Amino acid sequence: MQDKSSVGYGVGFRSLTREIAEPVALSVAGALPAWLRGTLLRTGPSKFEVGARTYNHWFDGLAMLHRFAFTEGGVTYANRFLKSNAYCAAERTGKISYGEFATDPCRTLFGRVAAIFDPKLTDNCCVNVSDYARAAVAFTETSIPMRISPETLETLGVFGYGAALKGQISTAHTHYDASRRCHYNYIADLGLRSVYRICAIGDDGSERQVAEIPVERPAYMHSFGMSADHLVLTEFPLRVNPIDLRLAGKPFIQNYRWEPARGLVFHVVEKESGRLVRTATTDAAFAFHHVNAFLDGGSLSVDVIVYPDATIIDQLYLARLRSSSPITATGKLTRFQFSLAGKAPVTRRILAELPFELPRINYDQHAGKPYRYVWGAGIKTEGDFLDCIVKVDTETGEAITWHGTNLYPGEPVFVPSPSGRGEDDGVLLSIVLDVGRDHSFLLALDAATLEELARAEAPHAIPFHFHGNYFPATA
Ligand SMILES: [Fe+2]
(Lines give C-alpha, C1' and ligand atoms only; values in the text may rest on other atoms or scores of the structure.)
Protein backbone atom coordinates (compact mmCIF):
# COMPACT_ATOMS: atom_id res chain seq x y z
CA MET A 1 0.00 0.00 0.00
CA GLN A 2 1.37 3.34 -1.00
CA ASP A 3 1.88 5.93 1.69
CA LYS A 4 -0.59 8.47 0.39
CA SER A 5 0.73 11.30 2.50
CA SER A 6 4.06 11.11 0.66
CA VAL A 7 2.49 11.54 -2.76
CA GLY A 8 2.78 15.12 -3.89
CA TYR A 9 0.96 16.91 -6.66
CA GLY A 10 4.10 16.62 -8.80
CA VAL A 11 2.98 13.32 -10.34
CA GLY A 12 0.48 15.36 -12.34
CA PHE A 13 3.35 16.70 -14.44
CA ARG A 14 4.61 13.40 -15.83
CA SER A 15 4.20 12.76 -19.53
CA LEU A 16 1.21 10.82 -20.83
CA THR A 17 2.06 9.43 -24.27
CA ARG A 18 -0.58 6.69 -24.53
CA GLU A 19 -3.25 7.52 -27.09
CA ILE A 20 -6.70 5.91 -27.13
CA ALA A 21 -7.95 6.79 -30.58
CA GLU A 22 -11.12 4.67 -30.46
CA PRO A 23 -13.52 5.82 -27.73
CA VAL A 24 -13.78 3.44 -24.78
CA ALA A 25 -16.74 3.22 -22.42
CA LEU A 26 -16.09 4.40 -18.88
CA SER A 27 -17.62 2.96 -15.75
CA VAL A 28 -19.75 5.56 -14.02
CA ALA A 29 -20.48 5.73 -10.31
CA GLY A 30 -23.49 7.89 -9.46
CA ALA A 31 -25.90 9.42 -11.93
CA LEU A 32 -25.17 11.97 -14.63
CA PRO A 33 -28.04 14.27 -15.60
CA ALA A 34 -30.20 12.66 -18.28
CA TRP A 35 -30.04 15.86 -20.33
CA LEU A 36 -26.24 15.80 -20.60
CA ARG A 37 -25.73 14.99 -24.28
CA GLY A 38 -22.58 16.36 -25.82
CA THR A 39 -18.81 16.34 -25.70
CA LEU A 40 -16.24 17.78 -23.36
CA LEU A 41 -13.06 18.59 -25.28
CA ARG A 42 -9.90 19.56 -23.47
CA THR A 43 -6.25 20.18 -24.28
CA GLY A 44 -3.06 20.37 -22.30
CA PRO A 45 0.65 19.67 -22.28
CA SER A 46 1.20 15.92 -22.18
CA LYS A 47 4.68 15.15 -23.48
CA PHE A 48 7.55 16.92 -21.80
CA GLU A 49 10.52 14.93 -23.13
CA VAL A 50 11.82 14.97 -26.71
CA GLY A 51 14.96 12.94 -27.36
CA ALA A 52 17.38 13.70 -24.56
CA ARG A 53 15.79 17.02 -23.67
CA THR A 54 12.98 17.99 -21.32
CA TYR A 55 10.89 21.10 -21.82
CA ASN A 56 11.49 23.76 -19.16
CA HIS A 57 7.99 24.86 -18.29
CA TRP A 58 4.49 23.43 -17.79
CA PHE A 59 3.24 25.61 -20.66
CA ASP A 60 5.76 24.07 -23.08
CA GLY A 61 4.64 20.44 -23.29
CA LEU A 62 3.29 18.93 -26.51
CA ALA A 63 -0.50 19.12 -26.66
CA MET A 64 -2.80 16.19 -26.03
CA LEU A 65 -6.52 16.38 -26.79
CA HIS A 66 -9.01 14.64 -24.48
CA ARG A 67 -12.61 13.86 -25.35
CA PHE A 68 -15.40 12.79 -23.00
CA ALA A 69 -18.64 12.08 -24.87
CA PHE A 70 -21.97 11.84 -23.06
CA THR A 71 -24.65 9.72 -24.75
CA GLU A 72 -27.67 7.71 -23.72
CA GLY A 73 -25.36 4.74 -23.38
CA GLY A 74 -23.00 6.42 -20.92
CA VAL A 75 -19.64 8.16 -21.15
CA THR A 76 -16.80 7.38 -23.54
CA TYR A 77 -13.24 8.64 -23.55
CA ALA A 78 -10.56 9.09 -26.19
CA ASN A 79 -7.30 11.02 -26.33
CA ARG A 80 -4.89 11.88 -29.12
CA PHE A 81 -1.90 14.10 -29.56
CA LEU A 82 -2.51 17.24 -31.57
CA LYS A 83 -0.56 16.57 -34.76
CA SER A 84 0.89 20.05 -34.95
CA ASN A 85 4.02 20.90 -36.89
CA ALA A 86 5.78 21.23 -33.53
CA TYR A 87 4.70 17.69 -32.56
CA CYS A 88 5.42 16.12 -35.95
CA ALA A 89 8.87 17.73 -36.17
CA ALA A 90 9.73 16.52 -32.68
CA GLU A 91 8.61 13.00 -33.60
CA ARG A 92 10.48 13.06 -36.90
CA THR A 93 13.78 14.47 -35.68
CA GLY A 94 13.82 13.45 -32.02
CA LYS A 95 14.56 17.09 -31.22
CA ILE A 96 12.63 20.04 -29.88
CA SER A 97 12.15 21.89 -33.15
CA TYR A 98 9.91 24.84 -32.29
CA GLY A 99 10.29 27.49 -29.62
CA GLU A 100 7.71 27.18 -26.87
CA PHE A 101 6.76 29.44 -23.96
CA ALA A 102 9.99 28.93 -22.02
CA THR A 103 12.02 26.50 -24.15
CA ASP A 104 13.99 27.21 -27.28
CA PRO A 105 14.49 24.61 -30.01
CA CYS A 106 17.75 22.74 -30.54
CA ARG A 107 19.70 24.85 -32.99
CA THR A 108 23.06 24.64 -34.68
CA LEU A 109 25.03 27.87 -34.90
CA PHE A 110 23.81 28.26 -38.48
CA GLY A 111 20.27 27.55 -37.34
CA ARG A 112 20.53 30.23 -34.69
CA VAL A 113 21.46 32.84 -37.28
CA ALA A 114 18.79 31.63 -39.69
CA ALA A 115 16.15 31.75 -36.94
CA ILE A 116 16.64 35.48 -36.57
CA PHE A 117 15.28 35.91 -40.06
CA ASP A 118 12.73 33.15 -39.99
CA PRO A 119 11.34 32.61 -36.51
CA LYS A 120 9.06 29.59 -36.51
CA LEU A 121 5.97 30.22 -34.45
CA THR A 122 4.73 27.22 -32.58
CA ASP A 123 1.39 25.64 -33.40
CA ASN A 124 1.47 23.44 -30.29
CA CYS A 125 -2.08 24.28 -29.20
CA CYS A 126 -1.97 23.10 -25.60
CA VAL A 127 -3.97 25.91 -23.96
CA ASN A 128 -7.63 25.75 -24.98
CA VAL A 129 -10.22 24.14 -27.23
CA SER A 130 -13.32 26.08 -28.17
CA ASP A 131 -15.63 26.71 -31.05
CA TYR A 132 -14.44 29.39 -33.45
CA ALA A 133 -16.29 30.35 -36.62
CA ARG A 134 -18.43 27.23 -36.14
CA ALA A 135 -15.45 24.85 -35.97
CA ALA A 136 -13.70 23.10 -33.10
CA VAL A 137 -10.36 24.83 -32.72
CA ALA A 138 -7.39 24.30 -30.41
CA PHE A 139 -5.42 27.34 -29.33
CA THR A 140 -2.03 28.29 -28.05
CA GLU A 141 -0.74 31.84 -27.61
CA THR A 142 0.49 32.34 -31.14
CA SER A 143 -1.63 33.34 -34.13
CA ILE A 144 -1.74 29.71 -35.30
CA PRO A 145 -4.86 27.99 -33.92
CA MET A 146 -5.50 24.47 -35.24
CA ARG A 147 -8.80 23.00 -36.37
CA ILE A 148 -9.63 19.60 -34.95
CA SER A 149 -12.39 17.04 -35.38
CA PRO A 150 -14.60 17.00 -32.28
CA GLU A 151 -15.58 13.41 -33.17
CA THR A 152 -12.24 11.76 -33.94
CA LEU A 153 -9.77 14.30 -32.44
CA GLU A 154 -7.95 14.31 -35.77
CA THR A 155 -5.91 17.42 -36.51
CA LEU A 156 -7.46 19.07 -39.55
CA GLY A 157 -5.02 21.92 -40.20
CA VAL A 158 -4.32 25.52 -39.37
CA PHE A 159 -7.14 27.96 -38.71
CA GLY A 160 -5.76 30.62 -41.00
CA TYR A 161 -6.20 34.31 -40.33
CA GLY A 162 -6.31 36.51 -43.39
CA ALA A 163 -3.56 38.94 -44.30
CA ALA A 164 -5.35 41.84 -42.58
CA LEU A 165 -4.90 40.14 -39.22
CA LYS A 166 -1.12 39.86 -39.36
CA GLY A 167 0.70 39.20 -36.10
CA GLN A 168 2.47 36.61 -34.03
CA ILE A 169 1.12 36.58 -30.49
CA SER A 170 -2.49 36.02 -29.56
CA THR A 171 -4.64 34.53 -26.83
CA ALA A 172 -6.28 31.16 -26.35
CA HIS A 173 -9.19 32.85 -24.55
CA THR A 174 -11.42 34.21 -27.28
CA HIS A 175 -14.76 35.81 -26.40
CA TYR A 176 -18.07 35.09 -28.05
CA ASP A 177 -20.78 37.70 -28.56
CA ALA A 178 -24.01 35.81 -29.23
CA SER A 179 -25.95 38.92 -30.31
CA ARG A 180 -23.31 39.87 -32.88
CA ARG A 181 -22.59 36.25 -33.83
CA CYS A 182 -18.85 36.68 -33.68
CA HIS A 183 -15.81 35.85 -31.64
CA TYR A 184 -13.33 38.47 -30.54
CA ASN A 185 -9.61 38.05 -30.01
CA TYR A 186 -6.47 40.12 -30.20
CA ILE A 187 -3.33 39.52 -32.20
CA ALA A 188 -0.14 41.35 -31.31
CA ASP A 189 1.99 42.27 -34.30
CA LEU A 190 5.47 42.75 -32.91
CA GLY A 191 8.21 44.53 -34.80
CA LEU A 192 9.84 47.91 -35.12
CA ARG A 193 6.34 49.34 -34.79
CA SER A 194 4.19 47.06 -32.69
CA VAL A 195 0.39 47.04 -32.50
CA TYR A 196 -2.37 45.11 -30.79
CA ARG A 197 -4.99 44.21 -33.38
CA ILE A 198 -8.42 43.53 -31.93
CA CYS A 199 -10.34 41.37 -34.34
CA ALA A 200 -13.81 39.94 -34.87
CA ILE A 201 -14.25 36.46 -36.38
CA GLY A 202 -17.80 35.90 -37.57
CA ASP A 203 -19.74 32.66 -37.39
CA ASP A 204 -19.87 32.97 -41.18
CA GLY A 205 -16.07 32.92 -41.36
CA SER A 206 -15.72 36.66 -41.94
CA GLU A 207 -12.78 38.49 -40.39
CA ARG A 208 -12.58 42.12 -39.39
CA GLN A 209 -10.08 44.28 -37.58
CA VAL A 210 -12.05 46.17 -34.94
CA ALA A 211 -9.24 48.37 -33.65
CA GLU A 212 -5.50 48.78 -33.70
CA ILE A 213 -3.63 50.06 -30.64
CA PRO A 214 0.02 51.01 -31.10
CA VAL A 215 2.36 49.85 -28.32
CA GLU A 216 6.03 50.41 -27.70
CA ARG A 217 6.70 47.56 -25.26
CA PRO A 218 3.94 44.97 -25.62
CA ALA A 219 2.58 43.22 -22.53
CA TYR A 220 2.15 39.52 -21.93
CA MET A 221 -1.64 39.12 -21.90
CA HIS A 222 -3.11 35.65 -21.54
CA SER A 223 -6.71 36.83 -21.83
CA PHE A 224 -8.80 39.99 -22.16
CA GLY A 225 -12.16 41.26 -20.97
CA MET A 226 -15.51 41.70 -22.72
CA SER A 227 -18.65 43.58 -21.69
CA ALA A 228 -21.81 43.81 -23.78
CA ASP A 229 -20.50 46.64 -25.96
CA HIS A 230 -16.79 46.88 -25.14
CA LEU A 231 -13.56 44.94 -25.23
CA VAL A 232 -10.94 45.47 -22.54
CA LEU A 233 -7.25 44.90 -23.20
CA THR A 234 -5.51 44.79 -19.84
CA GLU A 235 -1.80 45.47 -20.14
CA PHE A 236 0.09 43.97 -17.25
CA PRO A 237 3.53 45.45 -16.63
CA LEU A 238 5.24 42.29 -17.87
CA ARG A 239 6.67 43.88 -21.00
CA VAL A 240 8.98 43.02 -23.85
CA ASN A 241 11.19 44.91 -26.21
CA PRO A 242 10.09 43.22 -29.46
CA ILE A 243 13.62 43.29 -30.82
CA ASP A 244 14.67 41.00 -27.98
CA LEU A 245 12.26 38.33 -29.21
CA ARG A 246 14.23 38.26 -32.43
CA LEU A 247 17.77 38.85 -31.24
CA ALA A 248 18.23 38.04 -27.57
CA GLY A 249 18.33 34.29 -28.15
CA LYS A 250 16.21 33.48 -25.12
CA PRO A 251 12.98 31.51 -24.91
CA PHE A 252 9.82 33.60 -25.46
CA ILE A 253 8.76 34.50 -21.92
CA GLN A 254 12.29 35.11 -20.65
CA ASN A 255 12.45 38.21 -22.82
CA TYR A 256 9.67 39.85 -20.82
CA ARG A 257 10.58 42.12 -17.88
CA TRP A 258 8.52 43.05 -14.83
CA GLU A 259 8.26 46.84 -15.01
CA PRO A 260 5.86 47.78 -12.18
CA ALA A 261 6.34 51.52 -12.69
CA ARG A 262 4.21 51.15 -15.83
CA GLY A 263 1.28 50.10 -13.66
CA LEU A 264 -1.73 48.19 -14.91
CA VAL A 265 -3.32 49.72 -17.99
CA PHE A 266 -6.87 49.10 -19.22
CA HIS A 267 -7.69 49.96 -22.83
CA VAL A 268 -11.45 49.97 -23.44
CA VAL A 269 -12.56 49.71 -27.07
CA GLU A 270 -16.12 50.04 -28.34
CA LYS A 271 -17.09 46.93 -30.31
CA GLU A 272 -19.18 48.72 -32.95
CA SER A 273 -17.00 51.71 -33.75
CA GLY A 274 -13.57 50.42 -32.76
CA ARG A 275 -13.13 53.67 -30.84
CA LEU A 276 -10.72 53.65 -27.90
CA VAL A 277 -13.13 54.92 -25.24
CA ARG A 278 -10.78 55.14 -22.29
CA THR A 279 -7.28 54.19 -21.21
CA ALA A 280 -7.14 53.90 -17.42
CA THR A 281 -4.07 53.16 -15.31
CA THR A 282 -3.74 51.82 -11.78
CA ASP A 283 -1.15 50.10 -9.59
CA ALA A 284 0.82 47.15 -10.99
CA ALA A 285 -0.67 43.66 -10.90
CA PHE A 286 -0.46 40.47 -12.92
CA ALA A 287 -3.06 37.99 -14.12
CA PHE A 288 -3.66 35.20 -16.55
CA HIS A 289 -7.44 35.17 -16.51
CA HIS A 290 -10.22 37.68 -16.86
CA VAL A 291 -13.43 36.35 -15.36
CA ASN A 292 -16.05 38.76 -16.69
CA ALA A 293 -16.69 42.46 -17.31
CA PHE A 294 -19.87 44.50 -17.36
CA LEU A 295 -21.09 48.06 -17.50
CA ASP A 296 -23.35 49.36 -14.73
CA GLY A 297 -24.50 52.98 -14.96
CA GLY A 298 -21.41 54.20 -16.78
CA SER A 299 -19.03 52.32 -14.49
CA LEU A 300 -17.16 49.38 -15.95
CA SER A 301 -16.38 46.41 -13.71
CA VAL A 302 -13.52 44.17 -14.82
CA ASP A 303 -13.11 40.99 -12.75
CA VAL A 304 -9.72 39.31 -12.88
CA ILE A 305 -7.77 36.66 -10.93
CA VAL A 306 -5.02 38.95 -9.65
CA TYR A 307 -1.46 38.23 -8.51
CA PRO A 308 0.74 40.94 -6.98
CA ASP A 309 3.40 40.27 -9.64
CA ALA A 310 4.46 37.71 -12.24
CA THR A 311 6.24 35.34 -9.80
CA ILE A 312 3.62 32.69 -10.55
CA ILE A 313 5.18 32.16 -13.99
CA ASP A 314 8.49 31.25 -12.31
CA GLN A 315 6.73 28.84 -9.98
CA LEU A 316 5.33 26.85 -12.89
CA TYR A 317 8.67 25.66 -14.29
CA LEU A 318 8.51 21.92 -14.73
CA ALA A 319 11.37 20.83 -12.45
CA ARG A 320 9.86 22.83 -9.62
CA LEU A 321 6.38 21.38 -10.17
CA ARG A 322 7.64 17.83 -10.53
CA SER A 323 9.22 18.10 -7.08
CA SER A 324 5.87 19.23 -5.64
CA SER A 325 7.41 22.48 -4.43
CA PRO A 326 5.06 24.84 -2.60
CA ILE A 327 3.08 27.26 -4.76
CA THR A 328 3.29 30.52 -2.84
CA ALA A 329 2.13 32.92 -5.56
CA THR A 330 -1.64 32.83 -5.49
CA GLY A 331 -4.34 34.76 -7.31
CA LYS A 332 -7.50 36.28 -5.89
CA LEU A 333 -10.70 37.32 -7.59
CA THR A 334 -10.50 41.10 -7.80
CA ARG A 335 -12.90 43.68 -9.22
CA PHE A 336 -11.52 46.78 -10.91
CA GLN A 337 -14.04 49.56 -11.48
CA PHE A 338 -13.78 52.79 -13.43
CA SER A 339 -16.01 55.13 -15.36
CA LEU A 340 -15.78 55.21 -19.12
CA ALA A 341 -16.14 58.99 -19.15
CA GLY A 342 -13.63 61.34 -17.56
CA LYS A 343 -10.49 60.45 -15.71
CA ALA A 344 -11.74 59.23 -12.33
CA PRO A 345 -9.29 56.79 -10.74
CA VAL A 346 -9.63 53.02 -10.94
CA THR A 347 -10.83 51.32 -7.76
CA ARG A 348 -10.07 47.74 -6.83
CA ARG A 349 -11.67 45.33 -4.40
CA ILE A 350 -10.98 41.68 -3.59
CA LEU A 351 -14.24 39.75 -4.00
CA ALA A 352 -13.15 36.47 -2.34
CA GLU A 353 -10.21 35.57 -0.11
CA LEU A 354 -9.85 31.93 -1.20
CA PRO A 355 -7.24 31.80 -3.97
CA PHE A 356 -8.31 30.09 -7.16
CA GLU A 357 -7.57 29.82 -10.86
CA LEU A 358 -9.07 28.54 -14.11
CA PRO A 359 -12.27 30.58 -13.56
CA ARG A 360 -15.53 29.78 -15.33
CA ILE A 361 -18.93 31.47 -15.32
CA ASN A 362 -22.36 30.81 -16.78
CA TYR A 363 -21.00 32.25 -20.02
CA ASP A 364 -24.06 31.73 -22.23
CA GLN A 365 -26.28 33.86 -20.04
CA HIS A 366 -23.85 36.22 -18.32
CA ALA A 367 -20.79 36.94 -20.46
CA GLY A 368 -20.39 40.71 -20.55
CA LYS A 369 -23.33 41.19 -18.18
CA PRO A 370 -23.83 41.51 -14.42
CA TYR A 371 -23.38 38.09 -12.83
CA ARG A 372 -23.08 36.49 -9.44
CA TYR A 373 -21.22 33.18 -9.53
CA VAL A 374 -17.70 32.10 -10.47
CA TRP A 375 -16.36 28.55 -10.35
CA GLY A 376 -12.70 27.63 -10.39
CA ALA A 377 -9.98 25.30 -9.16
CA GLY A 378 -8.88 26.61 -5.78
CA ILE A 379 -6.15 26.22 -3.22
CA LYS A 380 -7.55 25.02 0.08
CA THR A 381 -4.24 23.89 1.59
CA GLU A 382 -1.72 26.70 1.66
CA GLY A 383 1.23 26.01 -0.64
CA ASP A 384 -0.50 23.15 -2.43
CA PHE A 385 -1.38 22.95 -6.11
CA LEU A 386 -5.04 23.43 -7.10
CA ASP A 387 -6.68 21.05 -4.61
CA CYS A 388 -10.37 21.93 -4.61
CA ILE A 389 -13.24 23.14 -6.72
CA VAL A 390 -14.66 26.42 -5.54
CA LYS A 391 -17.85 28.34 -6.15
CA VAL A 392 -17.70 32.02 -5.27
CA ASP A 393 -20.65 34.30 -4.75
CA THR A 394 -19.38 37.67 -5.97
CA GLU A 395 -22.15 39.51 -4.11
CA THR A 396 -21.43 38.09 -0.65
CA GLY A 397 -17.82 36.91 -1.04
CA GLU A 398 -18.88 33.49 0.25
CA ALA A 399 -17.05 30.49 -1.13
CA ILE A 400 -18.02 26.84 -0.96
CA THR A 401 -15.65 24.05 -1.96
CA TRP A 402 -15.47 20.43 -3.04
CA HIS A 403 -12.28 18.59 -2.15
CA GLY A 404 -10.88 15.20 -1.18
CA THR A 405 -7.67 13.60 0.03
CA ASN A 406 -5.06 13.36 -2.73
CA LEU A 407 -7.48 14.83 -5.27
CA TYR A 408 -6.43 17.61 -7.64
CA PRO A 409 -9.25 18.90 -9.86
CA GLY A 410 -8.81 20.75 -13.12
CA GLU A 411 -10.87 23.59 -14.57
CA PRO A 412 -14.56 23.10 -13.77
CA VAL A 413 -16.56 23.68 -16.95
CA PHE A 414 -20.10 24.90 -16.31
CA VAL A 415 -22.79 23.24 -18.44
CA PRO A 416 -26.18 24.93 -18.05
CA SER A 417 -29.24 22.80 -17.49
CA PRO A 418 -31.49 23.14 -20.58
CA SER A 419 -34.50 23.82 -18.40
CA GLY A 420 -32.66 25.97 -15.90
CA ARG A 421 -33.43 29.58 -15.21
CA GLY A 422 -31.03 30.21 -12.35
CA GLU A 423 -27.48 31.34 -13.02
CA ASP A 424 -26.03 28.31 -11.23
CA ASP A 425 -28.52 25.71 -12.51
CA GLY A 426 -26.35 23.15 -14.25
CA VAL A 427 -23.42 20.81 -13.76
CA LEU A 428 -19.69 21.30 -13.45
CA LEU A 429 -17.42 18.92 -15.33
CA SER A 430 -13.84 18.62 -14.10
CA ILE A 431 -11.07 16.11 -14.63
CA VAL A 432 -9.65 15.16 -11.25
CA LEU A 433 -6.28 13.49 -10.68
CA ASP A 434 -6.14 11.15 -7.70
CA VAL A 435 -2.41 11.12 -6.96
CA GLY A 436 -2.85 8.37 -4.36
CA ARG A 437 -4.29 5.96 -6.95
CA ASP A 438 -2.35 7.47 -9.87
CA HIS A 439 -5.55 7.73 -11.86
CA SER A 440 -7.90 10.41 -13.17
CA PHE A 441 -11.65 10.57 -13.26
CA LEU A 442 -14.23 12.86 -14.76
CA LEU A 443 -16.22 14.48 -11.98
CA ALA A 444 -19.73 15.89 -12.32
CA LEU A 445 -20.94 18.24 -9.59
CA ASP A 446 -24.18 20.06 -9.04
CA ALA A 447 -23.05 23.58 -9.91
CA ALA A 448 -25.32 25.18 -7.32
CA THR A 449 -24.33 23.10 -4.29
CA LEU A 450 -21.07 21.39 -5.38
CA GLU A 451 -22.65 18.10 -4.40
CA GLU A 452 -21.16 15.18 -6.25
CA LEU A 453 -23.42 13.68 -8.90
CA ALA A 454 -21.16 11.17 -10.60
CA ARG A 455 -17.63 10.21 -11.47
CA ALA A 456 -16.43 8.31 -14.53
CA GLU A 457 -13.11 6.51 -14.26
CA ALA A 458 -10.62 7.46 -17.00
CA PRO A 459 -8.32 4.73 -18.37
CA HIS A 460 -5.19 6.48 -17.06
CA ALA A 461 -3.77 9.39 -15.13
CA ILE A 462 -4.26 12.59 -17.13
CA PRO A 463 -1.56 15.21 -16.55
CA PHE A 464 -2.68 18.59 -15.23
CA HIS A 465 -3.86 20.65 -18.13
CA PHE A 466 -5.50 23.94 -18.86
CA HIS A 467 -8.77 24.53 -20.62
CA GLY A 468 -11.53 23.09 -22.71
CA ASN A 469 -15.21 23.41 -23.44
CA TYR A 470 -18.44 21.50 -23.64
CA PHE A 471 -19.91 21.11 -27.12
CA PRO A 472 -23.64 20.32 -26.91
CA ALA A 473 -24.86 17.55 -29.19
CA THR A 474 -26.55 18.92 -32.28
CA ALA A 475 -29.96 17.44 -33.02
FE1 LIG B 1 -5.77 30.24 -19.57
Side-chain angles (χ1 to χ4, degrees), residues 15-28 32 35-47 50 61-92 98 122-140 142 144-161 172 174 176 183 201 203 205 410-411 413 415 429-431 439-444 456-475:
S15 295
L16 167 69
T17 56
R18 177 192 188 204
E19 294 178 287
I20 300 175
E22 289 300 319
V24 292
L26 306 184
S27 68
V28 178
L32 290 162
W35 52 261
L36 195 66
R37 296 283 178 271
T39 308
L40 178 69
L41 294 178
R42 301 192 57 79
T43 184
S46 191
K47 185 177 181 192
V50 177
L62 293 168
M64 177 80 86
L65 304 167
H66 303 270
R67 176 183 189 269
F68 292 84
F70 304 90
T71 65
E72 251 180 63
V75 187
T76 65
Y77 170 80
N79 67 311
R80 297 181 82 171
F81 277 111
L82 181 78
K83 304 301 189 297
S84 61
N85 285 316
Y87 174 86
C88 295
E91 286 291 288
R92 194 172 61 246
Y98 283 69
T122 188
D123 54 0
N124 172 33
C125 294
C126 65
V127 184
N128 201 3
V129 181
S130 70
D131 64 319
Y132 205 44
R134 295 196 177 280
V137 175
F139 291 84
T140 181
T142 66
I144 316 181
M146 301 286 283
R147 290 182 300 113
I148 61 165
S149 162
E151 283 84 33
T152 66
L153 300 183
E154 279 175 288
T155 304
L156 301 178
V158 169
F159 179 95
Y161 290 111
T174 63
Y176 186 66
H183 282 87
I201 309 296
D203 282 350
E411 176 192 50
V413 175
V415 184
L429 300 177
S430 169
I431 298 173
H439 230 81
S440 294
F441 58 88
L442 175 93
L443 174 71
E457 191 80 355
H460 43 221
I462 296 173
F464 293 131
H465 55 292
F466 302 122
H467 305 288
N469 280 289
Y470 178 80
F471 293 66
T474 47

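Keep in mind that what you see is a predicted model, and the values were worked out from it rather than measured. Worth knowing before you read on, the calculation uses all heavy atoms, side chains too, and leaves out hydrogens, waters and symmetry mates.
Residues satisfying the salt bridge (Lys or Arg N to Asp or Glu O under 4.0 Å) criterion with E19, sequence neighbours excluded, are K83. Remark: E91 engages K47 in a salt bridge (Lys or Arg N to Asp or Glu O under 4.0 Å) (not counting sequence neighbours). For N128, there are no side chain to side chain donor-acceptor pair (under 3.5 Å) partners, not counting sequence neighbours. Partners of T71 under the side chain to side chain contact (heavy atoms under 4.5 Å, CB included) rule, at least two apart in sequence or in another chain, do not exist in this structure. By the side chain to side chain donor-acceptor pair (under 3.5 Å) test, R92 is found to be paired with no residue, residues two or more places apart in sequence or in another chain being considered. Legend: residues meeting ring pair (Phe, Tyr, Trp, His ring centres under 6.0 Å) with F68, ordered by chain and number and at least two apart, are Y77. For F466, the ring pair (Phe, Tyr, Trp, His ring centres under 6.0 Å) partners at least two apart in sequence or on another chain are W58, F59. Among residues two or more places apart in sequence or in another chain, the side chain to side chain donor-acceptor pair (under 3.5 Å) test is passed with N85 by D123. Residues satisfying the side chain to side chain donor-acceptor pair (under 3.5 Å) criterion with S15, sequence neighbours excluded, are E49.
Nearest heavy-atom pair, A78 versus A21, reported as atom, atom and distance to 0.1 Å: CB-O, 4.0 Å. Here the closest heavy-atom approach between residue N124 and residue A63 is recorded as OD1-N, 2.8 Å. What you find for R147 and V158 is that their closest heavy atoms are NE-O, 3.9 Å.
The closest side-chain heavy-atom distance from T39 to P150 is not below 4.5 Å. Side chains of D203 and Y176 form a contact here, defined as non-hydrogen atoms less than 4.5 Å apart. Annotation: side chain of F471 is in contact with side chain of L41 (closest heavy-atom distance under 4.5 Å). A 4.5 Å side-chain heavy-atom check between F70 and L442 finds at least one atom pair inside the cut-off. Counting only heavy atoms from C-beta outward, the side chains of L40 and V413 approach each other to under 4.5 Å. Contact check for L65 versus M146: no side-chain heavy atoms found under the 4.5 Å cut-off.
Expressed to the nearest 0.5 Å, how far CZ of F81 lies from CE of M64 amounts to 4.0 Å. With values rounded to the nearest 0.5 angstrom, R18 atom CZ is found 12.0 Å from S46 atom OG. Taken from OG1 in T17 to CG in L62, the straight-line distance is 11.0 Å, to the nearest 0.5 Å. Distance CG/L156 to CZ/F159: 13.0 Å, rounded to 0.5 Å. In this structure, CD1 in I148 is found 9.5 Å from SG in C125, a value given to the nearest 0.5 Å. Note: I462 CD1 to N79 CG = 7.0 Å, rounded to the nearest 0.5 Å.
T152 contributes a side-chain N or O that, together with a main-chain N or O of E154, makes up a donor-acceptor pair within less than 3.5 Å. Under the 3.5 Å distance criterion, the side-chain polar atoms of S430 are matched with a main-chain donor or acceptor of G410.
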Distance-only donor-acceptor pairs under 3.5 Å for side chains of residues 129-140, two or more places apart:
from: Y132; atom 1: OH; to: Y161; atom 2: OH; distance (Å): 2.8

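Residue pairs meeting the side-chain hydrogen bond (donor to acceptor under 3.5 Å, both in side chains) criterion with at least one partner in residues 461-470, sequence neighbours excluded, are R42-H465, H173-H467, H289-H467, R360-N469, E411-H467.
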